[in-house]
Amino acid sequence: MLNDAVAPEIVPAAGSDKDAPLKEDIRLLGRLLGDVLREQEGDAVFNVVETIRQTSVRFRREADAGAALELDAMLKELSREQTISVVRAFSYFSHLANIAEDQHHIRRRRAHLLAGSPAQKGSVSFALRKLRLAGVPRKTVDTFFQDALIAPVLTAHPTEVQRKSILDAEHDIARLLAERDLPQTPKERHANMQLLRSRVATLWQTRMLRYSKLTVADEIENALSYYRITFLRELPGLYDDIEDDIAAEYPNGDGTIEPINAAYVQMGSWIGGDRDGNPNVNACTMQHALARHATTILDFYLDEAHALGAELSVSTLMVGVSAELQALADQSPDASPHRSDEPYRRALIGIYARLAATARALGATNILRKEVGAAAAYPDAAAFVADLRTIVASLESHHGAALVRPRLATLARAADIFGFHLASLDMRQTSDVHERVLADLFAKSGVAADYTALSEEDKQALLLNELAQPRLLYSPYIAYAAETDSELAILRAARDIRQRYGARAIRNYIISHTETVSDLLEVLLLQKETGLLRTDWQTGDSICELMVIPLFETIPDLQRAAGIMSQVMALPLVKQLIAKQGQLQEVMLGYSDSNKDGGFLTSNWELYKAELALVADFQKAGVKLRLFHGRGGTVGRGGGPSYEAILAQPPGTVNGQIRLTEQGEIIASKFSNAEIGRRNLELLVAATLEASLAPQEANPARNGQLAQFEAVMAQLSDLAYHAYRHLVYETPGFTEYFFSATPIAEIAELNLGSRPASRKANQRIEDLRAIPWGFSWGQCRLLLPGWFGFGSAIETWINQADGAAKDDRIATLRAMYAEWPFFATLLSNMDMVLAKTDLAIASRYAELVADQGLRERIYKRITDEHGNTLRCLELITGNTERLAGNPLLARSIQNRFAYLDPLNHLQVELIKRNRALSAESRIDERVHRGIQLSINGVAAGLRNTG
């Protein structure tokens with residue numbers, strides 16, 4: 001792992017020369033880490049690391065029981081200090097291998113582009129070409145971009161195990177590694193090597209873990225770092241690329257490029273607004289989030305305006321300017337005679353002064369470069385954009401078009417996308433809280449003594465009656481429960497934020513655990529109580545500032561989703577509000593909880609069915625549906641490749657409107673590198689474009705086949721549901737097994753995020769948040785939420801038939817895989833999970849279960865199902881090897897295992913020590929630290945464990 005002698009072990013064992021640079025990069029980083037380890041810890045520790053690695057490899061490759069015993073004895077003999085060093089060595093190697101792989105992906109994509117190869121699948125140019133060849137006209141494409149909303153939403157769920165300091169150091173290493181692909185003189189090469197060595201040493205000497213609990217403010221700052229690295233420049237740049245792609249596929253004939261004057265990709269955030277299960281989020285955190293958002297984007301605008309002032313040295317002695325530009329220059333506080341003939345500079349100095357005043361007004365306290373003179377703050381971002389457009393128009397009409405694209409057009413585009421708010425902050429709270437708040441208001445206003453005891457019909461009647469009243473329930477002279485005061489303060493803060501930062505700053509209110517129509521009406525009434533829903537009582541005309549968005553999470557919730565929305569949309573008040581929203585309504589679907597509730601297969605199927613039912617009911621109501629997909633990091637939580645996931649959505653469910661969460665460590669893997677970040681953003685746009693506009697086949701036979709596939713899937717889902725529920729919720733002792741055989745207790749102690757791991761202080765799986773549930777199974781390398789139940793379902797369904805009918809059923813499954821994108825994507829994602837699953841490692845975690853009978857009984861159930869699942873997957877796909885269709889990923893995963901395995905073995909040993917100490921009411925901070933470091937390393941190695 002750490003020197004030239006062993007480096008070949010960690011790179012692809014086979015492959016073409018195109019993988020040679022990846023080999024070289026991993027060898028280089030491994031050697032540098034080895035050098036640092038020797039320098040910092042000594043040869044003895046280095047030799048221990050290598051011995052553990054070699055023994056772990058033997059345990060894996062040979063299933064050597066002797067190696068397992070040898071490894072176990074070796075780990076027990078490690079001192080606490082040695083344990084920490086060994087865990088850190090393997091953890092950092094996982095991080096460095098990720099950097100090398102990311103750089104190789106960038107390298108291969110550039111090579112593809114430089115070779116003039118056809119547009120890659122997943123690119124916007126590929127999607128546009130496909131649409132053009134299918135006969136989709138340019139006008140349809142233009143309309144798509146004018147009306148679309150594609151919104152990645154960053155969330156702070158506790159699966160991000162990296163500190164920002166570590167991410168910053170790794171970003172620097174990635175930059176230096178990329179420089180090595182450029183021509184360098186021997187001196188430059190040497191300097192690059194010295195810097196790389198110093199950065200790896202810095203990484204080794206930087207604390208990997210947080211020793212204090214992460215606050216919401218910390219989470220906000222962590223997320224903002226990705227804007228500075230990626231979004232602020234790459235998103236406007238992507239817009240420019242897309243305009244070029246459209247012009248190439250649908251040329252105007254005169255060579256011009258028509259700009260798309262719409263912000264069709266916008267950023268969203270939950271960080272600071274998501275209160276579901278997080279008592280640390282309140283009105284202050286929302287206000288703080290927007291102040292930090294505004295500071296970040298205005299810092300960017302100030303830097304860019306200053307740079308433009310330096311660049312646009314255009315003189316009126318050389319070329320004319322528009323009257324509007326001259327007027328803008330004349331308004332500038334800059335009166336220097338040296339710039340009297342440089343109106344663009346004077347105009348930009350004025351713009352800078354107005355931006356500085358705006359930044360102060362919106363909460364910025366540290367503007368590094370003082371403005372020339374005072375100026376009025378901008379009333380809104382549109383006024384700032386208008387000033388930039390004035391500069392653009394003047395340049396374009398006076399032989400200066402070439403000066404627009406490099407920076408000015410990008411700044412104007414950024415202002416359209418980000419405004420002064422940077423990202424739309426979603427609000428989220430669980431329906432139970434809304435019910436308690438309104439029960440308090442109803443009781444103390446004398447309207448209803450016990451609102452919670454009412455039937456659903458009576459609740460709806462009461463809520464609708466209150467929504468029709470001009471008076472409020474709330475009185476400033478009555479004392480309410482602390483929860484009531486807090487929730488009302490949050491909604492009032494939302495109104496203030498919208499007035500201060502613009503309507504896009506907060507525009508969505510998401511209701512977790514939506515189960516009834518009254519859940520939505522309750523939030524409308526709370527908005528009325530806080531001035532967010534207002535009615536002209538003479539005309540009856542109402543307007544609601546926040547779209548009320550139901551989140552359907554569990555299997556029963558998904559099954560009720562369409563019916564609830566049909567009832568809600570039929571209400572006259574709601575009809576009116578939806579009309580004000582542009583005849584559009586959003587619905588959020590929860591992947592995590594539906595998986596924890598019903599298992600992988602059933603969750604996916606119920607999501608698919610819910611989407612189809614929602615589309616049908618929304619079409620009947622004449623309302624446009626926008627789906628918000630609560631995807632997580634793991635396949636079990638809706639993860640997997642976003643491009644394929646969007647294309648696999650049921651017909652009619654995208655239509656240019658899609659929002660999806662980006663969670664935990666997935667944010668880092670997608671957006672901590674600017675070029676990879678732009679590629680991931682492009683994948684979202686390309687998939688949405690293709691899913692929205694690609695013509696659907698209207699083949700009656702094809703439609704009949706789809707109906708058959710869906711009927712089969714319904715049967716499989718029922719079988720998988722019962723298999724999963726029987727294990728997780730109906731098997732005596734399973735909860736004890738889970739809490740013993742996974743590091744869930746240790747994960748709950750890790751300072752991952754500001755949100756508790758469980759909704760309640762108990763050990764009920766029902767109350768455990770879906771995120772640590774999936775995270776724990778990933779750590780012990782079983783990844784059970786991503787596959788359990790599939791094998792039983794397929795095997796049982798096939799065996800329900802007799803004789804030749806079995807062969808017919810197998811043929812049907814193979815046809816589903818070959819011809820149905822939904823089923824193919826489901827199996828592809830499961831294939832990836834199974835490639836990362838490792839029973840040999842999982843068996844070590846099973847040993848943590850003290851009750852031998854319980855351990856053997858449940859572990860056998862799991863391993864039997866694993867074997868069934870592998871056999872059934874191979875039967876359907878014909879592939880006996882995992883990831884046969886993605887050899888690069890297959891090689892990456894396989895070659896990581898030898899370096900992940902020691903971390904898992906060490907984690908098991910440390911958990912044993914920790915639990916033994918706990919039994920004696922003793923604590924060893926070094927043992928805690930070692931466990932947490934191992935969690936970090938495994939998460940980094942698997943890359944989507946959350």
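This chain uses plain numbering: 1 for the first residue, then up along the sequence.
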Could I get the full list of ring-ring contact (aromatic ring centres under 6.0 Å, His included) partners for [X], not counting sequence neighbours?
| X | answer |
| --- | --- |
| Phe231 | Tyr227, Phe671 |
| Phe420 | none |
| Tyr509 | His434 |
| Tyr474 | Tyr480 |

Give a yes or no on whether a salt bridge exists between [X] and [Y], defined as a side-chain N under 4.0 angstrom from a carboxylate O.
| X | Y | value |
| --- | --- | --- |
| Asp416 | Arg413 | no |
| Glu170 | Arg175 | no |
| Arg534 | Glu545 | yes |
| Lys580 | Asp541 | yes |

Does [X] use its side chain to pair, donor to acceptor, with the backbone of [Y] at less than 3.5 Å?
| X | Y | value |
| --- | --- | --- |
| Gln649 | Ala645 | yes |
| Ser486 | Ala482 | no |
| Arg500 | Ala361 | yes |
| Thr295 | Arg292 | no |
| Gln585 | Ile549 | no |
| Asp387 | Thr390 | no |
| Gln657 | Asp147 | yes |
| Arg659 | Ala151 | no |
| Glu234 | Glu675 | no |
| Ser431 | Thr514 | no |

Short side-chain donor-acceptor distance under 3.5 Å, [Y] and [X]:
| X | Y | answer |
| --- | --- | --- |
| Thr296 | Asp299 | no |
| Tyr344 | Ser394 | yes |
| Thr430 | Ser512 | no |
| Ser642 | Lys670 | yes |
| Ser123 | Arg679 | no |
| Asp426 | Asn508 | yes |
| Ser424 | Arg507 | yes |
| His306 | Tyr352 | no |

With a 4.5 Å heavy-atom cut-off, do [X] and [Y] have their side chains touching?
| X | Y | answer |
| --- | --- | --- |
| Tyr591 | Thr661 | no |
| Leu627 | Glu586 | no |
| Leu422 | Phe300 | no |
| Arg495 | Thr530 | no |
| Gln429 | Arg275 | yes |
| Leu584 | Arg626 | yes |
| Gln266 | Ile150 | no |
| Val265 | Leu684 | no |

Rounded distance [0.5 Å steps], CE in Met427 versus CH2 in Trp270: 13.0 Å
Any chance you could measure Asp303, atom CG, to Leu232, atom CG, to the nearest 0.5 Å? 10.5 Å
Non-hydrogen atoms of [X] and [Y] that approach each other most closely:
| X | Y | result |
| --- | --- | --- |
| Val216 | Val281 | CG2-CG2, 3.9 Å |
| Ala262 | Phe145 | CB-O, 3.6 Å |
| Ala412 | Leu388 | CA-CD1, 3.7 Å |
| Ala127 | Ala686 | CB-O, 3.9 Å |
| Gly656 | Ser692 | N-OG, 2.7 Å |

Ring centroids only, cut at 6.0 angstrom: are Tyr239 and Tyr264 within range, meaning strictly under it? yes
Side chain to side chain contact (heavy atoms under 4.5 Å, CB included) evaluation trace for Leu524 with Leu467: CA-CA 8 Å; Leu524 288 176; Leu467 284 164; 4.1 Å; yes
Please identify each residue that fulfils salt bridge (charged side-chain N to carboxylate O under 4.0 Å, His left out) with Arg405, with sequence neighbours left out. Asp240, Asp244
Give the intermediate values and the outcome of side chain to side chain donor-acceptor pair (under 3.5 Å) for residues Thr215 and Asp218. CA-CA 5 Å; Thr215 67; Asp218 294 327; 3.0 Å; yes
Any pair with a residue in residues 680-689 that passes side-chain hydrogen bond (donor to acceptor under 3.5 Å, both in side chains), sequence neighbours left out, goes on the list, sorted by first then second residue, please. Arg109-Glu682
Might you confirm whether atom NZ of Lys575 has over 12 heavy atoms from other residues, nucleotides or ligands at distances under 6.0 Å? no
